[in-house]
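Worksheet: one structure, shown below.
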Amino acid sequence: MIDLRSDTVTRPSEEMREAARDAPVGDDVYREDPTVNDLQERVANVLGTEASLFVPSGTMGNQIAGRVHTERGQEVLCERESHIYKWELAGLAQHAEVQPRTIDGGERGAISPAQVREGYVAEDGHRPGTGLVTLENTHNSKGGVALAPAEIEATAEAAHDLGVSVHLDGARLFNAAVAQDCPASEFVAPVDTVMCCLSKGLGAPVGSMLAGPESVVEEARRIRKLFGGGMRQAGMIAAPGVRALENRERLGEDHRRAERLADGLAGIDGLSVDSPETNIVLVHTERDAEAVLDDCENEGVLGVPFAERTIRFCTHWDISDEDIEEAIAAVERAI
Ligand SMILES: Cc1ncc(COP(=O)(O)O)c(C=O)c1O
């Protein structure tokens with residue numbers, strides 16, 4: 001089976017398994033796990049932030065950020081299709097007790113500076129006040145669109161001018177960095193916090209990072225504990241994360257394969273395909289997406305339904321050039 005459902009389905013390499021086995025460990029709730037400390041320092045260096053915090057999942061990283069930056073009863077400006085709003089079980093409402101105000105970021109899922117100014121609400125006797133703006137790069141629901149650092153900077157500046165913090169959901173930040181050919185730190189410099197995942201294209205079995213200024217990460221550590229994310233000998237899972245950081249440049253191969261997949265699928269009658277910027281390929285079908293996916297599965301390819309007539313295929317490090325050719329042929333048979 002060629003599994004193109006997500007870049008989270010990867011299996012850890014032998015090196016990652018060995019690193020997990022051999023990791024020096026301690027109790028991370030006491031901050032005594034040397035491997036976790038090492039990972040946090042490395043990630044802060046890569047992102048150009050003062051500090052970073054190891055969290056079990058991207059969702060927890062985003063939710064901690066929502067809580068850290070806001071006060072109960074405020075509003076958060078989120079893109080309408082963003083993960084933090086759409087795919088995290090209304091976590092902002094439950095964990096931070098805030099009200100999301102959604103903004104249509106158009107085809108690229110980009111919130112503009114003008115939209116921030118328009119969506120901003122000043123606190124008074126009737127209005128809740130805006131506490132946070134969230135951005136997403138790459139944008140999952142928009143097919144892995146990679147915003148440029150300048151776009152992030154302009155929107156963040158508009159928020160900061162209004163005294164509002166900005167959190168970047170960078171679950172696939174390193175895909176954006178490769179696609180835009182610039183260091184990840186350039187996307188992070190304009191925002192207050194960033195979350196990035198080690199367990200997506202980088203291939204770690206588990207784990208994400210929340211990064212930002214020392215004082216914010218310190219508060220994030222308290223909230224992580226509150227959310228039940230304080231871990232003990234977490235070096236066992238942080239060690240594969242350290243190895244995963246070495247896979248950043250390799251993401252370019254996933255992007256190249258996504259492009260080839262999109263080209264191949266675009267040649268099949270009955271499909272129209274968005275041109276991918278990173279490792280996500282959105283395919284529009286004439287028939288119901290679920291039915292098409294059932295037929296694809298029967299031919300040996302897996303994807304996920306994204307809308308009634310849209311399928312997402314995602315390339316990742318367990319997928320080879322041969323798999324892509326086979327997948328194209330299999331989808332053609334299914335169609
Ligand atoms: C953009 C984005 N943000 C956050 C997450 C959440 O990550 P996790 O599955 O590790 O909770 C995902 C997961 O797919 C994602 O695509």
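Counting starts at 1 for both ligands and their atoms, in listed order. Computed from a predicted model, the values in this text were never measured in an experiment. Note that these values count all heavy atoms, side chains included, but never hydrogens, waters or copies made by symmetry.
Taking 4.0 Å as the cut-off between side-chain N and carboxylate O, E136 and K142 do not count as a salt-bridged pair. Between E325 and R260 there is a salt bridge, since at least one side-chain N of the basic residue sits less than 4.0 Å from a carboxylate O of the acidic one. Salt bridge present: R257 and D321 bring a charged side-chain N and a carboxylate O closer than 4.0 Å. Ion pairing between R256 and E259 fails under the 4.0 Å rule for side-chain N and carboxylate O.
Within 4.0 Å of ligand 1, contacts by protein heavy atoms are made from S57, G58, T59, N62, H83, E88, E136, N140, D169, A171, R172, M195, K200.
Screening residues 91-124 for ring pair (Phe, Tyr, Trp, His ring centres under 6.0 Å) gives H95-F227 as the qualifying pairs, with residues at least two apart or on separate chains.
No donor-acceptor pair closer than 3.5 Å links the side chain of D7 to the backbone N or O of H316.
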